[in-house]
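Worksheet: one structure, shown below.
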Amino acid sequence: MAQLQRIAIAPSQLQQGQISLTKEQQHYLARVLRLREGDRFIAMDGRGKWWLTQLAGEQGQVLEDLVVETELPVSITLMVALPKGSGFDEVVRCCTELGVTTIAPVLSDRTLLQPSPQKLERWRRIAAEAAEQSERAFVPTILEPVAFSHSLSFENSHKYICEARGNFPHLKNCLQYQEQKELVIATGPEGGWTQQEIDSAIAAGFQAVSLGRRILRAVTAPIVALSLVTAALEG
């Protein structure tokens, strides 16, 4: 099935084996992908379900359910201090490809970007597109941006805050010896977390960890952190 094109649909579009395609989806399938009547594609609802589907006019006819096994065995939430410019677009795209479950953009003391509602819509669209491309079963959840101090409450999770300055253990060494089911990983802004933010996170049950000896960009750090996790889980 890997050669078939994939499109993300809303669960409400599927009724009794028929997928009602939007005008945009019809245009994409017919004009961009050059599919013709009777051609097959894969529809995915972003919640773990895939269907082998046949194009039939303005609809898709579901032929069979598909089993997809591309997800990581744990739930991973990335708390990412918003980088400047359009850097968060890259974070969303790459981390979706790597298997993140939830991305929580946070406003730290050193955050420069103040995102608009249009930004959130854009990030969710990027996540859907990246999930299609990387054959994910799920589209990651992109939460609304909140202040870092208001986002530290996670229960029943192993929680890590990544900090470049300080003698902290490497994240990869902290992942090897525990039974991990739900992970929360926080990465900081340009200039790093403030000491007060690190102290608040530790008080909330986070473990301070390092991502290596070099200083990483705010865009690079979450991608590196997630890569370490996926290597440990799938290696």
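Keep in mind that what you see is a predicted model, and the values were worked out from it rather than measured. Both backbone and side-chain heavy atoms feed into the values below; hydrogens, waters and symmetry mates do not.
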So, [X] versus [Y]: side-chain donor-acceptor pair below 3.5 Å or not?
| X | Y | result |
| --- | --- | --- |
| E132 | Q5 | no |
| S116 | Q118 | yes |
| D65 | W50 | no |

Nearest heavy-atom neighbours spanning [X] and [Y]:
| X | Y | result |
| --- | --- | --- |
| A131 | T96 | N-CG2, 3.6 Å |
| A130 | R93 | CB-O, 3.8 Å |
| F206 | A186 | CE2-CB, 4.3 Å |
| T230 | L98 | CG2-O, 3.2 Å |
| A104 | L143 | CB-CD1, 3.9 Å |
| L152 | M79 | CD2-CE, 4.3 Å |

NZ/NE/NH1/NH2 to OD/OE distance under 4.0 Å, E135 and R6: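 So E135 pairs with R6 through a salt bridge.
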
R136/E71 salt bridge by N-O under 4.0 Å criterion: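 Counted as a salt bridge, because a side-chain N and a carboxylate O are separated by less than 4.0 Å.
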
[atom1]-[atom2] distance between [X] and [Y], expressed to the nearest 0.5 angstrom:
| X | Y | atom1 | atom2 | answer |
| --- | --- | --- | --- | --- |
| E97 | I223 | CD | CD1 | 9.0 Å |
| C162 | L228 | SG | CG | 8.5 Å |
| S12 | I19 | OG | CD1 | 11.0 Å |
| K159 | T77 | NZ | OG1 | 11.5 Å |

Are [X] and [Y] close enough that some pair of their side-chain heavy atoms sits under 4.5 Å apart?
| X | Y | result |
| --- | --- | --- |
| M44 | I7 | no |
| K23 | E58 | yes |
| V184 | Y160 | no |
| S210 | E163 | no |
| Q207 | P169 | yes |

Same cluster or not: are L233 and V209 linked, directly or through other Ile, Leu, Val, Met, Phe, Trp or Tyr residues, by side-chain heavy atoms under 4.5 angstrom apart?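 Shared cluster, yes.
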
Quick check on the hydrophobic clustering: are I185 and I215 connected, directly or via other members, by side-chain heavy-atom contacts under 4.5 Å?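 Shared cluster, no.
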
Which one of L63, D45, L66 satisfies the side chain to side chain contact (heavy atoms under 4.5 Å, CB included) criterion with W51?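 For W51, the side chain to side chain contact (heavy atoms under 4.5 Å, CB included) test succeeds with only one of L63, D45, L66, which is D45.
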
Starting from the C-alpha separation in whole Å, work towards a yes-or-no answer on side-chain contact (heavy atoms from CB on, under 4.5 Å) for D89 and R122. CA-CA 8 Å; D89 292 8; R122 173 177 171 79; 2.6 Å; yes

Kindly determine whether L21 and L29 satisfy side-chain contact (heavy atoms from CB on, under 4.5 Å), including the steps that lead there. CA-CA 10 Å; L21 299 170; L29 290 169; 3.8 Å; yes

